Amino acid sequence: MAQRTVTIASSVGLHARPAALFVEKASATGLDVEIGRPGEDAVDATSILGVMALGAKFGEEVVLTADGDGADAALDELVELLATDLDAE
């Protein structure tokens, strides 16, 4: 299982537009991807309700995990997305 830690860069955190873009990208991987705070239970990264309920805010660290072929590359793309202020675009 591949794992990455990233700091949320979007000024509103993982809410509304940033959450939707993240879920869309996570779903497109076709992998089992989860996101959560370090030391806490993770949620399904392909569920908009799960990701928004996580309530990850700007500057918080989250841990991404994925399992399957191409998991490392998929997580690298998701980390890059979360490390960008998606509200500034």
Side-chain angles (χ1 to χ4, degrees):
M1 179 170 290
Q3 179 175 306
R4 302 284 186 284
T5 301
V6 62
T7 301
I8 304 295
S10 288
S11 57
V12 296
L14 276 181
H15 184 69
R17 182 173 181 268
L21 292 171
F22 173 75
V23 167
E24 182 180 322
K25 188 100 167 174
S27 297
T29 68
L31 301 172
D32 292 329
V33 181
E34 291 188 334
I35 183 172
R37 288 186 182 85
E40 294 183 11
D41 289 337
V43 298
D44 180 357
T46 63
S47 165
I48 188 69
L49 293 177
V51 170
M52 289 185 69
L54 184 63
K57 296 180 179 17
F58 170 78
E60 284 188 319
E61 278 192 344
V62 291
V63 177
L64 303 174
T65 57
D67 202 16
D69 290 338
D72 283 310
L75 288 183
D76 288 342
E77 288 183 18
L78 292 171
V79 163
E80 185 177 332
L81 184 71
L82 292 179
T84 304
D85 186 354
L86 299 172
D87 285 333
E89 295 179 356

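Position 1 is the first residue of the sequence; numbering continues from there. Owing to the predicted nature of the structure, the values given are computational and were not obtained by experimental measurement.
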Original post:
So do I35 and F22 actually touch side chain to side chain, heavy atoms under 4.5 Å?
Top reply: yes
Original post:
CG/L82 to OG1/T5 distance, rounded to the nearest 0.5 angstrom?
Top reply: 11.5 Å
**OP:** Supply the atom-to-atom distance S10 OG to L81 CG, rounded to the nearest 0.5 angstrom.
**Re:** 7.5 Å
**OP:** Quick one: which residue pairs count as a side-chain hydrogen bond (donor to acceptor under 3.5 Å, both in side chains) with a foot in residues 25-38, not counting sequence neighbours?
**Re:** R37-E60
Original post:
Which distance, rounded to the nearest 0.5 Å, do you find between the CG of D72 and the CZ of R4?
Top reply: 4.5 Å
Subject >> Cluster overlap V63 with L75, hydrophobic side-chain contacts below 4.5 Å >> reply: no
**OP:** Grab the two heavy atoms, one from D44 and one from V51, that are nearest each other, plus how far apart they are.
**Re:** O-CG2, 3.9 Å
Original post:
Can you name the closest pair of heavy atoms from T7 and E61 and give their distance?
Top reply: OG1-CG, 3.7 Å
**OP:** Return the minimal non-hydrogen interatomic distance between D85 and S11, and the atom names on each side.
**Re:** OD1-N, 3.3 Å
Subject >> Taking every non-hydrogen atom, the tightest pair across A74 and L31 >> reply: CB-CD1, 3.8 Å
**OP:** State plainly whether one hydrophobic cluster holds both I8 and L21, where clusters connect Ile, Leu, Val, Met, Phe, Trp and Tyr through side-chain heavy atoms under 4.5 angstrom apart.
**Re:** yes
Original post:
Any idea which heavy atoms bring M52 and A19 closest together, and the distance?
Top reply: CG-CB, 3.8 Å
Subject >> Closest non-hydrogen atom pair between V12 and P18, with its separation >> reply: CG2-CG, 3.9 Å
Subject >> Linked, directly or transitively: V79 and F58 (ILVMFWY side chains, under 4.5 Å) >> reply: no
